[in-house]
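Whatever order the structure lists ligands and atoms in, that order sets their numbers, starting from 1.
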Amino acid sequence: MQKDCAFQRCINPACAATFDILQALTACPSCGELLDVVYDWDRLPVPKSLSDFEKRWTSRTAPLDFSGVWRFRDLLPFASDEALVTVGEGQTVLYHNTTLAREVGLTGGRLHLQYVGFNPSGSFKDNGMAAGFTHARMVSAGRVACASTGNTSASLALYASVLGMQAVVFIGSGKIAYGKLAQALDSGALTLQIRGDFDDAMRLVQEAAAKLGLYVLNSVNPFRLEGQKTIMYRVLEALSWEAPDWVVVPGGNLGNSSAFGKAFMELRDLGLLKRLPRIAVINSTGARTLTALVGEKNLSWNSGAVDQDTVARYYAYLDENSIRAHTLATAIEINRPVNLRKCLRALDVTHGVVREVPDEDIIDAKALIARSGPGCEPASAASVAGVKLLVDEGVIAPDERVVAILTGNVLKDPDVPVKYNSLKGAELTKALGLFSTRPPRYQNLPIEVDADLGSIVNALEGGVS
Ligand code: F0G
């Protein structure tokens with residue numbers, strides 16, 4: 001990287017204030033909007049072709065070339081090679097899933113699943129943390145902090161432990177899957193269980209950071225999203241650098257969708273990608289702010305002049321009616337997504353769409369995914385449930401090429417599949433906090449047998465009633 005070739009810029013075109021790369025900011029000090037990391041490509045080497053990145057596979061014994069984030073470092077050149085942080089993140093698998101394609105109404109071979117659960121901490125967050133921690137070290141951050149529904153905190157705790165930094169995580173008490181809580185605790189992060197939900201934790205981490213000088217690693221940190229752009233580079237790489245028609249991703253705090261949009265926008269502007277995929281962001285019906293604002297209130301990017309009154313009115317409506325986010329897909333249990341405006345920009349650039357799916361569809365999709373591949377955590381399955389909905393609606397045509405992002409590892413939240421596969425009727429509805437008594441479509445009930453061979457044979461031969 002050449003000096004001063006990267007800087008931070010307010011995403012509000014009417015402000016567009018710029019800031020040095022060495023400032024630790026989560027919002028524009030002038031107008032309060034989100035910030036982008038931007039590059040002066042006139043002074044930086046522009047990659048000649050995307051396929052050149054594949055050559056780095058041959059030198060993957062070098063940690064930076066092994067990293068699925070830093071293999072693409074020329075597309076996020078804000079730090080020198082010596083400054084880059086890696087724990088081996090970004091190993092993803094894009095696999096065809098013909099069984100699932102048929103189930104969701106696509107022609108066989110048209111559905112690809114991008115499984116991001118192989119990351120060191122088991123979710124896509126590591127892509128962002130590699131870049132975020134690189135910046136944290138560049139600015140000599142002291143304590144690093146985040147609010148989290150679980151995966152951000154697991155990832156932050158892992159990187160902090162490797163780098164010997166102090167980590168503080170803010171989580172909504174009882175609002176986090178056990179696997180994720182275990183990770184933060186095991187990695188030694190100071191874990192604050194806030195008596196509230198993610199939206200409370202997010203507000204509080206920002207207030208605490210302002211007071212105590214914590215370095216915030218939520219996706220309001222623009223460097224986090226630089227790392228998450230690489231998820232899309234790897235999708236393109238796995239498809240021989242041809243854009244799919246659709247990228248379908250669960251929406252929570254809307255960091256991923258924002259990062260994906262920025263990745264595509266930049267590749268287009270650099271002349272490296274001619275046709276952009278459309279992005280579909282999928283909410284759970286229990287945490288549907290994006291769907292409500294875009295789908296019902298027609299909120300849009302509007303060239304950067306986002307109608308803030310509509311957003312404020314919606315949040316006031318949530319408050320007046322004491323509406324809190326509620327979904328078994330706890331990772332996306334968020335009603336005040338911090339990246340809302342960046343996501344609107346991504347939807348604008350990619351002609352994207354937004355939908356919501358009920359928890360019942362999410363867990364059925366999750367069960368189905370696990371029957372034909374490595375599985376995923378509940379929130380991740382919203383992507384596949386969303387594909388089905390969009391195909392049913394005729395928005396996605398059966399022969400379009402679709403990539404659904406499986407954002408987190410199947411083992412993150414074992415509680416949900418155990419309940420899904422072992423409870424029935426009202427008990428299941430209650431245990432999973434479902435809104436309906438619709439029976440699960442892919443339940444696999446365990447069979448209890450006596451500890452003798454006869455009973456086992458009976459069970460396997462279908463003799464057990
Ligand atoms: N899927 C998983 C598994 C997640 O952990 C998250 C977010 C999302 C999807 C939504 O992604 O926020 O980029 O729209 N998890 C955050 C956390 C909020 O704290 O771990 P997004």
Side-chain angles (χ1 to χ4, degrees), residues 114-117 119 121-129 132 145-158 169-172 175-177 179-181 183-184 189 191 194 197-202 205 216-221 224-225 227-229 231-232 247-262 279-284 287-291 325 327-340 342-344 346-347 352 354 357 362 366 369 375-386 404-413 416:
Q114 166 90 335
Y115 183 59
V116 199
N119 268 293
S121 82
S123 84
F124 72 88
K125 303 287 179 181
D126 297 347
N127 295 276
M129 287 299 168
C146 70
S148 185
T149 56
N151 281 324
T152 304
S153 50
S155 181
L156 174 132
L158 165 62
V169 304
F170 292 54
I171 54 178
K175 295 283 189 180
I176 178 173
K180 305 174 188 180
L181 177 60
Q183 287 179 288
T191 304
I194 314 277
D197 62 12
F198 174 83
D199 294 317
D200 295 316
M202 190 66 233
V205 76
V216 175
L217 273 157
N218 279 100
S219 47
V220 281
N221 178 325
R224 265 271 314 269
L225 299 194
Q228 285 169 223
K229 290 189 313 193
I231 300 170
M232 286 304 102
V247 170
V248 185
V249 62
N253 229 0
L254 306 178
N256 258 344
S257 44
S258 300
F260 298 174
K262 185 171 189 279
I279 293 179
V281 185
I282 313 298
N283 279 161
S284 158
R288 60 186 300 277
T289 293
L290 186 69
T291 325
T327 165
L328 63 77
T330 50
I332 53 173
E333 193 172 50
I334 296 172
N335 261 352
R336 284 175 155 75
V338 293
N339 286 297
L340 175 65
K342 276 190 182 172
C343 175
L344 293 173
L347 293 170
V354 175
V357 288
I362 291 178
K366 181 185 143 36
I369 292 164
C376 62
E377 68 162 288
S380 312
S383 60
V384 171
I405 311 295
L406 300 184
T407 45
N409 192 291
V410 67
L411 296 175
K412 288 277 187 176
D413 187 356
V416 167

Return yes or no for this condition: an N or O of [X] is under 3.5 Å from an N or O of ligand 1.
X	answer
Ala379	no
Thr149	yes
Ser153	no
Leu254	yes
Asn151	yes
Ser380	no
Phe124	no

Side-chain donor or acceptor of [X] paired with backbone N/O of [Y] under 3.5 Å:
X	Y	value
Asn409	Gly117	yes
Lys366	Cys376	yes
Asp126	Met129	no

List, one per line, each side-chain donor-acceptor pair under 3.5 Å for residues 330-338, sequence neighbours excluded.
| residue | atom | partner | partner atom | Å |
| --- | --- | --- | --- | --- |
| Glu333 | OE2 | Thr327 | N | 2.9 |
| Arg336 | NH2 | Asp319 | OD1 | 3.2 |
| Arg336 | NH2 | Asp319 | OD2 | 3.0 |

Near [X], which atoms of ligand 1 are under 4.0 Å from a heavy atom of that residue?
X	answer
Gly252	10 (C), 12 (O), 14 (O), 21 (P)
Ser148	17 (C), 19 (O), 20 (O)
Asn256	13 (O)
Ile332	8 (C), 9 (C), 10 (C)
Gly251	14 (O)
Glu377	3 (C)
Ile334	18 (C)

Minimum non-hydrogen distance to atom 12 (O) of ligand 1, winning option of Asn253, Thr330, Ile405: Asn253
Protein residue, atom and distance nearest to [atom], heavy-atom basis:
atom	value
atom 20 (O) of ligand 1	Thr152 N, 2.8 Å
atom 4 (C) of ligand 1	Ala331 CB, 3.4 Å
atom 16 (C) of ligand 1	Lys125 NZ, 2.8 Å
atom 2 (C) of ligand 1	Thr407 OG1, 3.4 Å

Gln183 and Lys412: side chain donor to acceptor below 3.5 Å: yes
pair Met202-Val220: side-chain heavy atoms closer than 4.5 Å: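 Yes, side chains in contact.
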Any side-chain heavy-atom pair of Ile405 and Met232 under 4.5 Å: yes
Could you establish whether [X] and ligand 1 come within less than 4.0 Å of each other, counting only heavy atoms on the residue side?
X	value
Asn218	no
Lys180	no
Ser123	no
Ser219	no

Residue pair Asn151, Glu377: steps toward the side-chain contact (heavy atoms from CB on, under 4.5 Å) verdict: CA-CA 11 Å; Asn151 281 324; Glu377 68 162 288; 2.7 Å; yes
Shortest non-hydrogen separation from Pro250 to Val281 and the atoms involved: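 Shortest heavy-atom separation between Pro250 and Val281 comes out as C-CG1, 4.4 Å.
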Pairwise distance [atom1]([X]) to [atom2]([Y]) - rounded to 0.5 angstrom:
X	Y	atom1	atom2	result
Phe170	Ser148	CZ	OG	12.0 Å
Arg224	Asn339	CZ	CG	8.5 Å
Leu344	Lys342	CG	NZ	12.5 Å

Results of side-chain hydrogen bond (donor to acceptor under 3.5 Å, both in side chains) for Ser383 - residues two or more places apart only: none
Derivation of the side-chain contact (heavy atoms from CB on, under 4.5 Å) call for Leu217 and Thr152: CA-CA 8 Å; Leu217 273 157; Thr152 304; 5.8 Å; no
